[in-house]
Structures are given as structure tokens and as C-alpha cells.
There are 2 protein chains.
Amino acid sequence: MSSQLKPGTSNACNITSLSLACEVNDVLRSISPRWKMQILHKIAAGHVQFSTLKQAFPSLSDQILGKRLGELVADELILKVVVKEKPPQHIVYEITDRAMELLKVIDDLHQWGLKWS
Amino acid sequence: MSSQLKPGTSNACNITSLSLACEVNDVLRSISPRWKMQILHKIAAGHVQFSTLKQAFPSLSDQILGKRLGELVADELILKVVVKEKPPQHIVYEITDRAMELLKVIDDLHQWGLKWS
DNA sequence: TTAGGTACTCACTTTCGGGTGAGTTATTGT
DNA sequence: ACAATAACTCACCCGAAAGTGAGTACCTAA
């Protein structure tokens with residue numbers, strides 16, 4: 001989860017701030033990189049391979065996709081699984097329970113956005 | 001709401017992407033700037049003046065605070081009100097209904113973060 | 001064996017957001 | 001009249017994030 005969050009970079013986290021502050025900030029930073037939640041959403045919707053994700057987002061480059069997938073794995077939001085059965089050996093990404101719960105909140109955020117737009 | 005979101009900068013928003021994609025991306029971008037949600041939370045908790053907010057976050061500069069307040073006003077998450085009664089004329093920030101609902105979702109996000117940390 | 005697809009990584013450039021220093025206007029207390 | 005405080009704005013810098021181009025290792029079908 002904290003892979004891309006270097007200590008000190010995020011917040012002052014001093015005692016004068018509310019406890020809410022730091023953790024929320026960290027969560028926001030981990031979910032806000034461009035494409036990240038969209039990719040997660042697509043994986044949840046069944047686009048579980050690199051190539052199918054590529055097709056789903058034509059304007060997303062291989063490089064960024066690879067990077068985001070790496071972050072999602074580090075965050076334990078997805079699992080990288082190598083499928084050896086079924087001859088053309090391939091890699092699939094599986095969503096975790098942790099991610100499913102996050103997506104519920106993300107969807108609430110989406111609903112809020114729609115409601116007040 | 002869309003004040004700091006330049007068109008074209010955010011997402012491809014092409015037809016091949018799920019409807020979810022673009023809006024969620026925009027919402028995430030509008031809530032993720034550093035300090036923004038913390039400031040909003042403080043205002044909701046009753047720290048309604050520039051100076052009291054400053055005190056609440058010692059490591060936050062005047063400049064960034066001013067900038068974030070401007071964004072929050074543009075997003076219609078807070079209202080800027082000039083109080084002329086009570087001699088020392090001052091400015092207070094009032095939270096909007098829209099923001100109260102957003103804070104509920106932000107709190108869910110916080111809870112998610114705590115649960116899985 | 002060689003061409004093609006999958007799934008990347010690395011190095012580099014560009015863009016953007018956060019942060020700093022200085023200055024400004026308005027009001028008010030002494 | 002003067003200083004102080006509140007509430008900013010503007011110009012600039014720098015580091016991180018986003019994006020691009022090239023290359024690589026592996027597998028497989030022809």
C-alpha cells in the first residue's frame with residue numbers, strides 16, 4: 001500500500017493536525033494517479049489481461065499501464081497470476097477483497113459527482 | 001467545480017471508455033490536491049476563518065491556504081462570507097450541503113484506509 | 001527460424017503542482 | 001499617524017508525475 005508514498009513527502013503529520021488528516025491524505029494519494037482507478041474498475045469488470053486493458057483505453061500507453069499495474073499490485077489491490085494451463089501461457093490480474101471494498105467507495109464518489117454536476 | 005480542470009487535460013473521454021471513467025477521474029482530481037480535504041474538514045469542524053485555519057495547520061503556508069480556499073469556493077464546496085456586524089469586520093467560510101455529502105464519502109475512504117492498513 | 005504477439009523495463013523529456021519570497025489592500029487598534 | 005493584523009495575490013523555482021521512444025525477454029504459430 002505504501003509503496004509509492006515516501007515518508008515526509010505526504011504530510012506534516014504533526015500533533016496539531018486532526019488524526020483524520022494524514023491517513024486520508026495518504027489514501028487520496030494512492031488512488032489519485034491518473035488511470036489507476038479506471039484500470040482497477042476495468043479489471044473488476046473482467047478486463048484481466050494486459051492486452052485487453054490496452055484495448056479498453058486506446059489513449060493509455062503500454063508504459064503507463066505497466067506502471068499502474070505495478071502500483072496496484074504493490075498496493076495489494078490486484079494479484080498478478082501466471083496461468084500455465086491452456087497452452088498460450090498468459091498473465092491475468094485478479095482483484096482483491098480490499099479492492100472490491102475500495103471500489104464501492106469510489107462508486108459513491110462517482111455518484112456524488114453525478115448528483116452535483 | 002470544473003475550475004481547475006482544463007478540457008483535454010483530464011482524460012481521453014472517448015466512447016470506448018466506460019462512463020464511470022471520466023467523471024471519477026475528474027472527481028479524484030478535484031479532491032486530491034494536498035491539504036484540500038483537510039482544510040474542508042476543518043471548516044466543517046468550525047475553523048471558519050483564514051487565521052484559525054492557519055493555526056490549525058502550522059506547516060501550511062498562507063499562499064497555499066489562499067489557493068486551496070479559492071479552489072474550494074470555485075468548487076462550490078464552501079462559501080465566502082463577509083461579516084460586517086461585530087466591529088472587527090472579518091471573513092468566514094461556510095460549508096455547503098454538497099461538501100457535507102462529499103465529506104461523508106471521504107470519511108468512508110478514511111475508514112477503508114484504517115481497516116486495511 | 002523467423003515473424004508476431006504479450007508483457008513488460010529503461011532512459012529521457014515535458015508538464016504540472018507544491019512551495020517560497022515578496023508585495024498589496026483594507027481595516028483597526030494605539 | 002503609524003504599526004499591526006487579516007487576507008490575500010503575483011512571480012518564480014523545483015521536484016515529481018506524466019508521457020514518449022526504444023529496446024528486451026518470452027512464448028508460440030507458420
Side-chain angles (χ1 to χ4, degrees), chain A residues 3-12 25-26 28-39 43 47-74 78-94, chain B residues 3-12 25-26 28-39 43 47-74 78-94:
Chain A
S3 56
Q4 72 277 33
L5 300 171
K6 288 158 214 125
T9 315
S10 77
N11 244 349
N25 193 64
D26 290 345
L28 285 174
R29 298 209 149 223
S30 80
I31 67 172
S32 58
R34 193 132 105 102
W35 304 107
K36 201 167 174 180
M37 290 301 108
Q38 279 111 294
I39 292 168
I43 294 172
H47 294 67
V48 296
Q49 281 176 267
F50 196 98
S51 53
T52 52
L53 287 166
K54 255 175 78 163
Q55 286 159 26
F57 302 107
S59 55
L60 169 64
S61 67
D62 284 20
Q63 296 87 334
I64 303 291
L65 177 55
K67 199 173 168 185
R68 289 289 112 89
L69 287 171
E71 292 166 6
L72 289 167
V73 170
I78 58 173
L79 294 173
K80 184 174 175 172
V81 181
V82 181
V83 180
K84 288 189 195 295
E85 310 79 51
K86 293 260 180 184
Q89 182 191 103
H90 60 290
I91 287 162
V92 296
Y93 293 96
E94 285 177 12
Chain B
S3 56
Q4 72 277 29
L5 300 169
K6 290 158 216 126
T9 315
S10 75
N11 243 350
N25 193 64
D26 290 345
L28 286 174
R29 296 206 150 226
S30 79
I31 66 171
S32 58
R34 193 134 103 105
W35 303 106
K36 201 167 174 181
M37 289 301 109
Q38 280 112 295
I39 292 168
I43 294 172
H47 296 67
V48 294
Q49 281 175 266
F50 196 98
S51 54
T52 50
L53 287 166
K54 255 175 76 165
Q55 285 159 25
F57 301 106
S59 54
L60 169 64
S61 68
D62 284 20
Q63 296 88 332
I64 303 292
L65 177 54
K67 198 172 168 185
R68 290 288 111 89
L69 287 171
E71 292 166 6
L72 289 167
V73 170
I78 57 173
L79 294 174
K80 183 175 174 171
V81 181
V82 180
V83 180
K84 288 190 194 293
E85 311 78 52
K86 292 260 178 184
Q89 182 191 102
H90 59 289
I91 288 161
V92 296
Y93 294 96
E94 285 176 14

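Since the model is a prediction, treat every value here as computed from it, not as a measurement. In what follows, chains are A, B, ... by sequence order, proteins preceding strands, each numbered from 1.
Listed by chain and residue number, Val48(B), Gln49(B), Val81(B), Val83(B), His90(B) satisfy the side chain to side chain contact (heavy atoms under 4.5 Å, CB included) test with Val92(B) (two or more places apart in sequence, or in another chain). The side-chain hydrogen bond (donor to acceptor under 3.5 Å, both in side chains) search around Lys54(B) returns Asp62(B), not counting sequence neighbours. Residues that satisfy the side chain to side chain contact (heavy atoms under 4.5 Å, CB included) test with Ser32(A), not counting sequence neighbours, are Ser32(B).
One can place CD1 of Ile64(B) at 17 Å from P of dC16(C), the figure rounded to the nearest angstrom. If you measure from atom CG of Leu60(B) to atom P of dG17(C), you get 18 Å, rounded to the nearest angstrom. Look at CG on Leu53(B): it is 13 Å from C1' on dA6(D), rounded to the nearest Å. Between Leu65(B) atom CG and dG17(C) atom C1' the separation is 17 Å, expressed in whole Å. Across the protein-nucleic acid pair, Lys84(B) atom NZ and dT28(C) atom P stand 10 Å apart, rounded to whole Å. One interatomic measurement links the two molecules: NZ of Lys36(B) to C1' of dG18(C), which rounds to 14 Å at whole-angstrom precision. Note: CE (Met37(B)) to P (dG18(C)) measures 12 Å, nearest angstrom. Leu28(A) has its CG atom 16 Å from the P atom of dG17(C), to the nearest Å.
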Quiz item: How would nucleotides 3-8 of chain C be written as a contact map, 5' to 3', with B for base contact, S for sugar-phosphate-only contact and - for no contact, using protein heavy atoms under 4.0 Å?
Solution: ----SB
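Put simply, the side chain of Ile78(A) does not reach to within 4.5 Å of the side chain of Ile39(A), judged on heavy atoms.
Residue Trp35(A) places at least one side-chain N or O under 4.0 Å from the OP1 or OP2 atom of dG19(D). Taking only side-chain nitrogens and oxygens, Arg68(A) comes nearer than 4.0 Å to OP1 or OP2 of dA18(D).
The nearest pair of heavy atoms linking Ile31(A) to Pro33(A) is C-CD, 3.3 Å.
Without hydrogens or angle criteria, Lys36(B) side chain to Leu72(B) main chain gives no donor-acceptor distance under 3.5 Å.
The line from CG of Leu60(B) to CD of Gln55(B) is 12.5 Å long, rounded to the nearest 0.5 Å.
Of the candidate nucleotides dT20(C), dC27(D), dG19(D), dC27(D) has the atom nearest to the side chain of Gln89(A).
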